[in-house]
Amino acid sequence: MSFSNIMDSNSYRGGHLGDPLIAARDRVLGPAYRLFYDNPVHLVRGQGTRLYDADGNCYLDAYNNVASVGHCHPHVIDSVTRQLGTLNTHTRYLHEGIVDYSQRLLATFPDAGSADSYQVMYACTGSEVNDLALRVAAAYTGARGVIVTTEAYHGNTEAVTAISPSLGGIASLGPHVRAVDPDLTGVAEAIADLQASGYGLSSLIVDTIFSSDGIYPDRSVLRPAVEAVHAAGGVLIADEVQPGFGRTGDGMWGFDRHDVVPDLVTMGKPMANGMPVAAMVARSAVLAPFAESVPYFNTFGGNPVSMAAAAAVLDIIEDEKLIANAATVGEAMCSAAAALADPRITAVRGAGLYVGVELVDRETARRVVNGMRERRVLISVCGAGGNVLKIRPPMVFSLADVDWLIAELEQVLASLAE
């Protein structure tokens with residue numbers, strides 16, 4: 001089986017635990033699925049930043065941006081339960097929930113209310129909306145060529161697997177795709193190559209915290225690349241599935257940090273705290289060629305229950321001031337990690353509650369991640385070398401949680417030296 005950097009850098013390798021649940025899972029789900037950690041975790045419930053296993057042990061969740069406002073947040077539970085007990089159906093009937101939520105969502109985007117305003121379309125997963133964004137970009141530009149970063153992950157449909165080198169390496173990319181380093185200095189060369197190859201330039205798609213690449217928060221790299229893309233007739237797709245909804249601490253969206261106005265924006269995982277909903281937001285002029293020629297429908301995308309959950313998430317982000325919390329707590333985490341001054345830590349970088357701690361090599365990172373799991377703190381890894389600790393907790397992470405995480409990280413690093 002081929003090695004996937006994003007899936008296999010922290011995956012269970014099997015063959016020694018004899019756990020009947022693992023055996024049953026392998027039997028019914030097949031070999032394509034992955035589990036985290038050398039010793040997989042059997043979780044049964046969660047609350048806030050805490051998770052609990054089948055034996056009642058408590059874990060600190062420093063990884064999960066799906067339950068972004070905290071596991072089992074009561075406002076999300078109440079909103080979903082109330083709507084589920086009232087109505088849940090598709091979007092071909094009128095319903096206030098999808099309109100009200102869309103108005104709130106679009107109000108967070110730049111140039112709201114201008115002649116070329118934003119419009120939104122719904123699906124269930126980030127993969128679906130990135131697939132949709134590629135179709136919209138192609139209809140607008142009349143071109144197929146796509147530029148991604150070298151370790152990008154944008155989903156698992158056929159179209160977005162072809163632009164996700166973290167799943168299978170550069171060799172897995174489609175012939176119409178070019179990959180550049182996360183500093184984006186290769187964008188002009190990639191544009192020229194796509195044009196010379198006859199594909200033209202449709203889009204540059206980036207996760208605006210470059211998470212799979214190893215977490216690179218540099219604010220200066222995106223704007224020049226976008227200017228080159230626009231000059232060549234292409235569009236910017238900002239993939240906000242990971243950095244969106246306030247995680248970077250500078251605003252609602254990761255692109256806010258970069259002083260750019262994207263043509264298309266995709267979002268998913270943290271949007272409804274675990275309920276399946278995703279969205280593509282597009283400038284109306286960019287959307288028009290696709291929307292006027294192709295009817296769009298997604299049975300479950302934008303259903304009333306998912307919209308209730310998504311609206312509750314916006315309430316919580318506002319009411320609990322989670323964007324400010326991300327900035328404050330994330331800064332404290334970066335400072336505390338850097339203060340460890342361990343020689344195996346080669347860099348600490350991040351924005352808000354998306355922090356990367358780069359270690360000397362892949363094996364050290366793997367040992368640290370599994371050591372943290374045994375001490376009941378859950379993190380993962382990312383980066384081309386699989387050597388960057390990925391710390392991406394729920395947005396309700398506190399300064400006390402930082403203290404817990406850093407204390408355990410210090411202990412694990414010390415134990416590796418023994």
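- Side-chain atoms of T364 never come within 3.5 Å of backbone atoms of L359 as a donor-acceptor pair (strictly under, hydrogens ignored).
- Atom-to-atom distance recorded for L105:CG and T108:OG1 is 5.0 Å, nearest 0.5 angstrom.
- With a 6.0 Å cutoff to the six-membered ring centre and a 45° limit on the axis angle, R349 counts as a cation-pi contact of Y216.
- Counting non-hydrogen atoms of neighbouring residues, nucleotides and ligands closer than 6.0 angstrom, the CG atom of L94 reaches no more than 12 such neighbours.
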(request) For the pair M280 and V265, evaluate side-chain contact (heavy atoms from CB on, under 4.5 Å) and give the outcome as yes or no after the intermediate values. (result) CA-CA 6 Å; M280 182 202 70; V265 182; over 6 Å; no

(message) I163 vs H154, test: side-chain contact (heavy atoms from CB on, under 4.5 Å). Steps then yes/no.
(response) CA-CA 7 Å; I163 63 166; H154 296 294; 4.0 Å; yes

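- With a 4.5 Å cut-off on side-chain heavy atoms, V281 and M267 count as touching.
- For the pair E331 (side chain) and S335 (backbone), a donor-acceptor distance under 3.5 Å is absent.
- The nearest pair of heavy atoms linking P40 to I22 is CG-CD1, 3.9 Å.
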(message) Show, in sequence, the C-alpha distance, side-chain angles and deciding distance for D263 and H230, and conclude whether the side chain to side chain donor-acceptor pair (under 3.5 Å) test is met.
(response) CA-CA 10 Å; D263 304 288; H230 282 161; 2.7 Å; yes

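- Cation-pi geometry between R392 and Y63 is met: the NZ or CZ atom falls under 6.0 Å from the ring centre, inside 45° of the normal.
- When atom types are taken as modelled, the side chain of T149 and the backbone of V180 share no donor-acceptor pair closer than 3.5 angstrom.
- No option in V286, V229, I205, V226 other than V226 meets the side chain to side chain contact (heavy atoms under 4.5 Å, CB included) test with L236.
- Here the side chains of E363 and N387 are not in contact, with every heavy-atom distance at 4.5 Å or above.
- Put simply, CD on E189 and CG on L194 are 11.0 Å apart, with the number rounded to the nearest 0.5 Å.
- For the pair E240/T266, no side-chain contact is recorded, criterion being any heavy-atom separation below 4.5 Å from C-beta on.
- Taking each heavy atom of G302 and I98 in turn, the nearest pair found is O-CD1, 3.7 Å.
- The side-chain tip of R283 does not point at the ring of Y118 from less than 6.0 angstrom away and within 45° of straight on.
- The minimum heavy-atom distance linking P276 with S306 is given by the pair O-OG, 3.3 Å.
- In the displayed structure, Y296 atom OH is contacted under 6.0 Å by more than 12 heavy atoms of other residues, nucleotides or ligands.
- Atom-to-atom distance recorded for S68:OG and Q242:CD is 12.5 Å, nearest 0.5 angstrom.
- The two residues A190 and R178 come nearest to each other via the heavy atoms CB-CB, 3.9 Å.
- Put simply, the side chain of N325 gets close to the backbone of F397: a donor and an acceptor are under 3.5 Å apart.
- In this model, no donor atom of one side chain and acceptor atom of the other lie less than 3.5 Å apart for T86 and Q83.
- Residues K390 and I379 are not in side-chain contact: their nearest non-hydrogen atoms beyond the backbone lie 4.5 Å or more apart.
- A donor-acceptor pair is defined here as one N or O able to donate and one able to accept, closer than 3.5 Å; such a pair exists between the side chain of D239 and the backbone of V241.
- Under the 3.5 Å distance criterion, the side-chain polar atoms of R45 are left unmatched by any main-chain donor or acceptor of L51.
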(request) Go through the steps to decide whether L287 and M121 satisfy the test side-chain contact (heavy atoms from CB on, under 4.5 Å), and finish with yes or no. (result) CA-CA 10 Å; L287 180 60; M121 299 172 72; 3.6 Å; yes

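- Atom CD of E318 is surrounded by more than 12 heavy atoms from other residues, nucleotides or ligands within 6.0 Å.
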(request) Run the numbers on R247 and N65 for side chain to side chain donor-acceptor pair (under 3.5 Å), then give the verdict. (result) CA-CA 9 Å; R247 175 158 295 279; N65 81 324; 5.8 Å; no

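- Note: D218 CG to D183 CG = 8.5 Å, rounded to the nearest 0.5 Å.
- No side-chain heavy atom of T91 sits under 4.5 Å from any side-chain heavy atom of N298.
- With no hydrogens or angles considered, no side-chain donor-acceptor pair links D319 and H75 at under 3.5 Å.
- Taking CG of D403 as the reference point, atom CD of E408 lies at 11.5 Å (rounded to 0.5 Å).
- The closest donor-acceptor contact from the side chain of E320 to the backbone of I316 lies at 3.5 Å or more, if one exists at all.
- In this structure a side-chain-to-backbone donor-acceptor pair under 3.5 Å is present from N303 to F300.
- No hydrogens or angles considered: a donor-acceptor pair under 3.5 Å links the side chains of D401 and S398.
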(message) Does T161 form a side-chain contact (heavy atoms from CB on, under 4.5 Å) with S172? I'd like the steps, not just the answer.
(response) CA-CA 8 Å; T161 294; S172 68; over 6 Å; no

Only pairs under 3.5 Å count here: list side-chain donor-acceptor contacts from residues 254-261, not counting sequence neighbours, and write none if there are none.
{"unit_1": "D256", "atom_1": "OD2", "unit_2": "M252", "atom_2": "N", "d": "3.2"}
{"unit_1": "D256", "atom_1": "OD2", "unit_2": "W253", "atom_2": "N", "d": "2.9"}
{"unit_1": "R257", "atom_1": "NE", "unit_2": "D250", "atom_2": "OD2", "d": "3.0"}
{"unit_1": "R257", "atom_1": "NH1", "unit_2": "P217", "atom_2": "O", "d": "2.9"}
{"unit_1": "R257", "atom_1": "NH2", "unit_2": "P217", "atom_2": "O", "d": "2.8"}
{"unit_1": "H258", "atom_1": "NE2", "unit_2": "T208", "atom_2": "O", "d": "3.0"}
{"unit_1": "D259", "atom_1": "OD2", "unit_2": "R223", "atom_2": "NH1", "d": "3.3"}

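- The closest side-chain heavy-atom distance from M395 to F245 is not below 4.5 Å.
- Between F210 and V221 there is a side-chain heavy-atom pair separated by less than 4.5 Å.
- With respect to R366 and D38, a salt bridge is recorded, a charged nitrogen being found less than 4.0 Å from a carboxylate O.
- Looking at heavy atoms from C-beta onward, E374 lies in side-chain contact with N39 at the 4.5 angstrom threshold.
- No donor-acceptor distance shorter than 3.5 angstrom exists from the side chain of D53 to the backbone of L43, with no hydrogens or angles considered.
- Between A123 and V129, the shortest heavy-atom contact is CB-CG1, 3.7 Å.
- Taking the six-membered ring where tryptophan is involved, the planes of H90 and F297 are perpendicular, since the angle between them exceeds 60° and thus also 30°.
- A salt bridge between R104 and D315 is present, with a side-chain N of the basic residue lying under 4.0 Å from a carboxylate O of the acidic one.
- Of all heavy-atom pairs between G386 and A365, the closest is O-CB, 3.6 Å.
- To the nearest 0.5 angstrom, H42 atom NE2 is 12.5 Å from N57 atom CG.
- The environment of CZ in R367 is sparse: at most 12 heavy-atom neighbours from other residues, nucleotides or ligands sit within 6.0 Å.
- With hydrogens and angles left out, the side-chain atoms of Y153 and S211 include no donor and acceptor closer than 3.5 Å.
- S202 places no side-chain N or O within donor-acceptor distance of the main-chain N or O of V146, the cut-off being under 3.5 Å.
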